Amino acid sequence: MKQYHIWTIGCQMNKADSEFIANYLERAGLTQTGTGEDADLVLLNSCVVREHAEVKVVNKLKSLKGLKRSRPDVTIALTGCMVDSRIDGLRDRFPWVDLFFRPQQWEVFSKWAEGRGFPGLNEREDSVPQNPPVSAYVPIMHGCDSFCSYCVVPYRRGRARSRDIDEICCQVQNLVQRGTKEVVLLGQIVDAYGDDLPSKPDLADLLAALNRIEGLLRIRFLTSHPSYMSRKLIRAVADLDKVCEHISLPIQAGDNGILKAMKRGYTAEEYGELVDHIRRTVPNVALSTDVIVGFPGETDEQFARTLEVLRQTRFDKVHIAAYSPRPETTAIRNLKDDVTPETKESRRAQAEALQNEIAAEINAAFLGQTVELLVDGQKKGKWCGRTRGDKLVFFASKAGMMGQPASVRIDKTSAFALQGTLG
Ligand code: SAM
Ligand code: SF4
């Protein structure tokens with residue numbers, strides 16, 4: 001077995017998990033290949049948060065049936081949120097898949113690898129690649145205890161489990177020694193970090209510890225839940241120099257009846273007060289959010305309240321999704337999916353058009369300003385990087401800029417990105 005191919009869909013947590021397995025496979029002596037065709041191991045990391053994603057995974061799995069027939073020696077493995085405890089059902093549906101393991105069920109993958117003469121997975125070693133990215137994802141907790149009525153994640157990723165604070169600091173220290181400049185701390189409810197640990201550290205404590213790491217330039221964290229966002233954490237964002245002024249705070253809906261049916265645990269007014277407090281404490285904070293439209297029973301008036309929240313709050317970024325009934329959730333069991341697909345799509349398009357207008361206005365205010373970036377990539381012949389407020393900026397330079405801070409004067413803006421000239 002010499003070559004591997006990993007196909008990933010879904011959230012940052014899935015991307016982080018795929019990077020972790022890729023690091024392990026490289027350590028085990030395998031090399032990455034661009035397509036599954038010539039790989040000896042094809043691993044799919046799946047997402048089933050919405051039906052749309054699940055359909056893509058199923059199509060991908062079906063496309064691998066022929067590969068397995070022509071090359072029976074290839075190993076096909078499936079992980080991610082599609083894999084639940086009833087693996088037998090999946091085995092019946094996709095008999096050409098050799099290995100199933102639930103998200104982060106590393107012991108199953110490790111046992112499979114050891115059975116083929118490879119070394120076992122090592123959480124410490126494999127969480128730090130030889131050449132880590134400038135901006136690296138660091139999962140600080142797994143699972144979720146919240147059980148929002150529409151969401152399948154707690155059923156697939158299990159109860160919330162925080163990682164030890166020293167272990168996270170050690171991983172970040174090692175990443176920085178190998179070239180990482182920014183870390184993005186990941187958790188489903190990242191602001192509930194530490195609640196399940198005996199010494200009960202919180203996210204503010206972790207941020208303070210990471211802020212002391214020499215050579216690390218920036219720290220971000222996502223995704224925060226409004227009910228867990230403490231004053232202490234907001235203060236930490238304001239006070240700690242490496243922590244970026246950027247908070248991802250999903251509201252999901254602007255109507256209190258819908259929020260209650262979603263089991264989110266806060267009202268639109270409480271959310272508004274929290275945003276006001278964040279903006280008073282952290283000047284120039286960039287706020288992003290998630291919104292679901294077409295939740296069961298959502299009327300035109302209730303949807304209008306979501307639009308109103310977008311208009312009033314003026315988020316920097318909004319991820320908008322049409323409600324998708326998901327297996328096991330309380331919403332699919334108790335609520336009728338009664339908003340038509342056409343209405344869902346029309347509401348999604350309205351929310352998106354409004355948000356694009358707002359984002360274009362917010363970004364236009366950067367015209368003529370000089371912004372500070374951390375350069376983390378190259379696209380279409382230009383360098384790109386992000387501001388502390390998570391604005392994506394493109395600029396041209398003949399010099400190597402990867403991993404460097406840069407000052408860029410903005411001369412063009414859109415709803416999605418900024419362009420400028422190196423100052
Ligand atoms: N833990 C985060 C939170 O509390 O918002 C986000 C996790 S969830 C995997 C990512 C986003 O997917 C959610 O914020 C929500 O907007 C969306 N989502 C989850 N379940 C959904 C569903 N059944 N239909 C549509 N969107 C959904
Ligand atoms: Fe899903 Fe809610 Fe947990 Fe986020 S907080 S992962 S939306 S159950």
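Read the numbers this way: they start at 1 and go in the same order the structure lists the ligands and their atoms. This one's a predicted model, so the numbers in the text were calculated from it and none came from an experiment. Quick note: residue numbers are just sequence positions, from 1.
Residues Asp316 and Ala286 come closest through the heavy atom pair OD1-CA, 3.3 Å. The shortest non-hydrogen separation linking Ser224 to Ile247 is OG-CG2, 4.4 Å. Annotation for Tyr266 and Ile251: closest pair OH-O, 2.7 Å, computed over non-hydrogen atoms. In plain terms, the two heavy atoms of Ser110 and Leu121 that are nearest each other are OG-N, 2.9 Å.
Cys148 lies close to atom 2 (Fe) of ligand 2, since one of its N, O or S atoms is found at a distance under 2.8 Å. Within the 2.8 Å limit, Cys144 places no N, O or S atom next to atom 1 (Fe) of ligand 2.
Among the atoms of Asp290, some N or O lies under 3.5 angstrom from an N or O of ligand 1.
Given atom 6 (S) of ligand 2, the protein heavy atom at minimum distance is Gln188 OE1, 3.5 Å. With hydrogens left out, the protein atom closest to atom 1 (Fe) of ligand 2 is Cys151 SG, 2.3 Å, a heavy atom. Looking only at heavy atoms of the protein, atom 20 (N) of ligand 1 is closest to Tyr150 CD1, 3.3 Å. Among all non-hydrogen protein atoms, the one lying nearest atom 27 (C) of ligand 1 is Ile292 CD1, 3.7 Å. Of all protein heavy atoms, the one closest to atom 24 (N) of ligand 1 is Ser324 N, 3.0 Å. The protein non-hydrogen atom at the shortest distance from atom 17 (C) of ligand 1 is Arg50 NH1, 3.8 Å. Scanning all protein heavy atoms for the shortest distance to atom 7 (S) of ligand 2 gives Tyr150 OH, 3.4 Å.
Glu107 CD to Glu114 CD: the interatomic distance, rounded to the nearest 0.5 Å, is 11.5 Å. Between atom CH2 of residue Trp96 and atom NZ of residue Lys68 there is a gap of 12.0 Å, rounded to the nearest 0.5 Å. For the atom pair CD of Gln32 and OH of Tyr4, the computed distance is 4.0 Å after rounding to the nearest 0.5 Å. With values rounded to the nearest 0.5 angstrom, Lys263 atom NZ is found 10.0 Å from Thr329 atom OG1.
In this pair, Phe315 and Tyr271 present their aromatic rings tilted. The plane angle is within the 30 to 60° band.
Shown in contact with Phe147 at under 4.0 Å from a heavy atom are these atoms of ligand 2, numbered in order with element: 8 (S). Residue contact check: Val153 has heavy atoms under 4.0 Å from atoms 9 (C) of ligand 1. Atoms of ligand 1 lying under 4.0 Å from at least one heavy atom of Tyr323, given by number and element, are 24 (N), 25 (C). Ligand-side atoms of ligand 2 in range of Pro154: 8 (S), range being under 4.0 angstrom from any heavy atom. For ligand 1, the atoms lying closer than 4.0 Å to a non-hydrogen atom of Arg326 are 23 (N). Heavy-atom contacts of Ile189 reach the following atoms of ligand 2: 5 (S) (cutoff under 4.0 Å).
Ionic pairing of Glu308 and Arg305 is not present here: no N-O contact between side-chain nitrogen and carboxylate oxygen is shorter than 4.0 angstrom.
Within the 4.0 angstrom cut-off, atom 14 (O) of ligand 1 has one or more protein heavy-atom neighbours.
Ser346 and Glu342 form no side-chain donor-acceptor contact under 3.5 Å, judged by distance and modelled atom types alone. No hydrogens or angles considered: nothing links the side chains of Asn256 and Thr267 as a donor-acceptor pair under 3.5 Å. A donor and an acceptor atom, one from each side chain of Asn45 and Ser18, are located under 3.5 Å apart.
For Val49, the heavy-atom gap to ligand 1 drops under 4.0 angstrom. Ligand 2 lies less than 4.0 angstrom from a heavy atom belonging to Arg264.
Taking each of Arg264, Gln252, Glu51, Met262 in turn, the one with a heavy atom nearest to atom 4 (O) of ligand 1 proves to be Arg264.
Contact annotation: for Ala322 versus ligand 1, heavy atoms closer than 4.0 Å belong to the backbone alone. The parts of Gln188 lying near ligand 1 are both backbone and side chain, judged by heavy-atom distances below 4.0 Å.
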